[in-house]
> 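Please find one structure pasted underneath; my questions will follow.
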Amino acid sequence: MQTTDELPPEHCQAAALVNKKTRQLKIAERQFMADCRGYINDNPVATLSVAVGMGFVLSRLLSAHPATTPVVGTK
């Protein structure tokens, strides 16, 4: 296995860029989560309404339709 001293410079630059982008994504994630928490704390009724609505929509989408449900005893 090669160490970073043995890698070509472009590989080191690519690794540095990946590390930089990773740090930026982590910062953006923390900021997004803080924004979400703030919105939830400021608008609890709207947040709850959206959550209930999305739960209803998902349950309807994931429920089996009678036309696709096999009937027991038929061939």
Side-chain angles (χ1 to χ4, degrees):
M1 178 168 228
Q2 295 179 333
T3 63
T4 55
D5 296 334
E6 299 169 359
L7 292 175
E10 57 272 0
H11 289 179
C12 293
Q13 290 171 349
L17 181 61
V18 168
N19 285 334
K20 179 182 176 184
K21 292 297 180 183
T22 300
R23 286 191 303 271
Q24 289 174 346
L25 281 172
K26 286 181 181 181
I27 291 168
E29 177 192 14
R30 284 189 213 113
Q31 183 61 46
F32 177 74
M33 292 303 294
D35 291 346
C36 287
R37 284 188 199 101
Y39 182 83
I40 290 168
N41 288 333
D42 293 343
N43 305 294
V45 175
T47 303
L48 185 60
S49 300
V50 169
V52 168
M54 290 303 296
F56 177 75
V57 169
L58 283 174
S59 71
R60 298 292 290 178
L61 290 173
L62 298 175
S63 66
H65 297 310
T68 60
T69 304
V71 178
V72 177
T74 61
K75 293 183 182 182

> Taking only residues two or more places apart in sequence, or in another chain, which ones meet D35 in a side chain to side chain donor-acceptor pair (under 3.5 Å)?
Q31
> My understanding is that only residues two or more places apart in sequence, or in another chain, count here; which of them pass side chain to side chain contact (heavy atoms under 4.5 Å, CB included) with A46?
Y39, N43
> Please list every donor-acceptor pair under 3.5 Å in which a side-chain atom of residues 20-28 meets a protein atom from a residue at least two apart or in another chain.
residue : atom : partner : partner atom : Å
K21     : NZ   : Q24     : OE1          : 3.4
T22     : OG1  : V18     : O            : 2.7

> Through direct or indirect side-chain contacts below 4.5 angstrom among Ile, Leu, Val, Met, Phe, Trp and Tyr, which residues connect to M54?
V50
> Which residues end up grouped with L48 if you chain together Ile, Leu, Val, Met, Phe, Trp and Tyr wherever their side-chain heavy atoms are less than 4.5 Å apart?
V52
> If you link ILVMFWY side chains whenever their heavy atoms are less than 4.5 Å apart, which other residues fall into the same cluster as M33? By chain and number, please.
F32
